[in-house]
2 protein chains.
Amino acid sequence: MRAEYINPFIASLSKAFRTMLGCEVHRGPLALTVGKTQRHGVSGIIGLSGNAVGMVVLSLSAEVAKKAASAMLLCETDEIDADVIDAVGELTNMVAGAAKAELVGLNLMVGLPSVVTGANHVVRFPSNVTPICVPFTTEWGDLALEVGLAPTPAAATI
Amino acid sequence: MRAEYINPFIASLSKAFRTMLGCEVHRGPLALTVGKTQRHGVSGIIGLSGNAVGMVVLSLSAEVAKKAASAMLLCETDEIDADVIDAVGELTNMVAGAAKAELVGLNLMVGLPSVVTGANHVVRFPSNVTPICVPFTTEWGDLALEVGLAPTPAAATI
């Protein structure tokens, strides 16, 4: 994946947190995801397709997921319930939707978000795709953004 | 989600297992997925977008995942390694790719597969989408297919 493709996702995540959630995020170093990586307890996943195929994974600690949902819904929540799942899915959708608008040449469409929970879950990409992972810290806790994009395979055009 | 949309996915899963893996699958009753459901240890996830947005989740027991990878790769494997992850991703891609060819009116494109591992993970859809889940049994163990499709939201066309 070309490194410049990650920048619109970083920008859209920062903007979504700042403008919608009132929370500043602080970016850590970019890293290529090689092999199995352990991330956080709640992962929003959304697919991209068009002139490339890809996947965006927004991985939040449970605390960040609950705080983000509370900020979006304007009410406190202290468990990972359906409202938190919807909020994480919507946040993932917004990050992917705003970023794709910047990646005009790829002509991307955004899929439906799903949200994975489970303390020890790991989201892995195909081995021929090396996603880029960006860790962030916030006053609420940690999160990570992972984006993998690959040329559209022949199988996707059947 | 309209119930008839599930049939091409059931057919493509059955065909992929029979022709590529040499394994017959036996379908259980369709069910709407309401709330949190616990499925199997390895989930292949792939997004769909077009005139609808959706997600396909192929959830396999670890045993089925390893046996499927062994059949695809023509060699035995006894751990969930990168080869098994790739095989589950490719299987998910094939199920989604063959089904979308039948759903012509939806003009779907298939994204990049990701594979989630972790014994207690749960994959959840947004609460305004009620996916249809189909359990299957095989000689290797159990699996489940879950498909959620929704009208393309305004957010996806930004």
Side-chain angles (χ1 to χ4, degrees), chain A residues 35-36 38 41-43 45-50 52-57 80-90 93-94 96-98 100-101 108-129 131 146 148-150 152-158, chain B residues 35-36 38 41-43 45-50 52-57 80-90 93-94 96-98 100-101 108-129 131 146 148-150 152-158:
Chain A
K36 177 176 168 179
Q38 183 59 54
V42 183
S43 298
I45 302 179
I46 198 161
L48 301 167
S49 51
V53 289
M55 189 74 82
V56 178
V57 182
I80 304 293
D81 57 13
D83 286 341
V84 176
I85 298 297
D86 280 352
V88 172
E90 181 54 26
N93 188 51
M94 292 175 68
K100 85 170 181 111
L108 296 172
M109 295 203 301
V110 175
L112 184 72
S114 64
V115 177
V116 180
T117 57
N120 296 311
H121 79 266
V122 181
V123 182
R124 304 196 234 192
F125 287 69
S127 60
N128 62 341
V129 178
E146 194 170 24
L149 278 170
T152 301
T157 60
I158 287 170
Chain B
K36 176 178 169 177
Q38 184 60 53
V42 183
S43 298
I45 302 180
I46 198 161
L48 301 167
S49 50
V53 289
M55 189 74 81
V56 178
V57 183
I80 305 293
D81 57 14
D83 286 342
V84 176
I85 298 298
D86 280 352
V88 173
E90 182 53 26
N93 189 51
M94 291 174 69
K100 83 169 183 111
L108 295 173
M109 294 203 300
V110 174
L112 184 73
S114 64
V115 177
V116 180
T117 56
N120 296 310
H121 80 265
V122 181
V123 182
R124 305 197 233 193
F125 286 69
S127 60
N128 62 341
V129 178
E146 194 170 25
L149 278 169
T152 301
T157 60
I158 288 170

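Reminder, nothing fancy here: chain letters follow the sequence lines and each chain counts from 1. Below, all heavy atoms of this structure are taken into account, side chains as well, without hydrogens, waters or symmetry copies. All figures in this text were calculated on a predicted structure; none of them were measured in a lab.
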Asker: Which residues satisfy the side chain to side chain contact (heavy atoms under 4.5 Å, CB included) test with B:Asp81, sequence neighbours excluded?
Answerer: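 B:Asp81 satisfies side chain to side chain contact (heavy atoms under 4.5 Å, CB included) with B:Thr77, B:Glu79, B:Asp83, B:Val84 once adjacent residues are dropped.
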Asker: Distance check, rounded to the nearest 0.5 Å: B:Asp86 atom CG versus A:Arg124 atom CZ?
Answerer: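 Spacing of CG (B:Asp86) from CZ (A:Arg124) equals 10.0 Å.
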Asker: What's the shortest heavy-atom distance between B:Ile45 and A:Ser114, and which atoms?
Answerer: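 Where B:Ile45 meets A:Ser114 most closely, the heavy atoms are CG2-OG, 4.2 Å.
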Asker: Among A:Leu149, A:Val116, A:Asn128, which residue has the highest count of heavy-atom pairs closer than 4.5 Å to chain B?
Answerer: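 Most heavy-atom pairs within the cutoff with chain B belong to A:Val116.
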Asker: So for B:Val88, is it side chain, backbone, both, or neither that comes closer than 4.5 Å to the heavy atoms of chain A?
Answerer: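 Contact with chain A: none, neither part.
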Asker: About how many Å separate CE of B:Met55 and CD1 of A:Ile46, when rounded to the nearest 0.5 Å?
Answerer: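 Interatomic distance, A:Ile46 CD1 to B:Met55 CE, rounded to 0.5 Å: 6.5 Å.
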Asker: Non-hydrogen atoms of chain B under 4.5 Å away: do they reach the side chain of A:Leu48, the backbone, both or neither?
Answerer: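 For A:Leu48, the backbone is the part near chain B, not the side chain.
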Asker: What heavy-atom pair brings B:Phe125 and A:Leu112 nearest, and what distance separates the two atoms?
Answerer: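 In this case the closest contact between B:Phe125 and A:Leu112 is CD2-CD2, 3.8 Å.
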Asker: Using every non-hydrogen atom in the two residues, find where A:Ser49 and B:Ser49 come nearest and quote the distance to one decimal.
Answerer: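 Of all heavy-atom pairs spanning A:Ser49 and B:Ser49, the closest is OG-OG, 2.8 Å.
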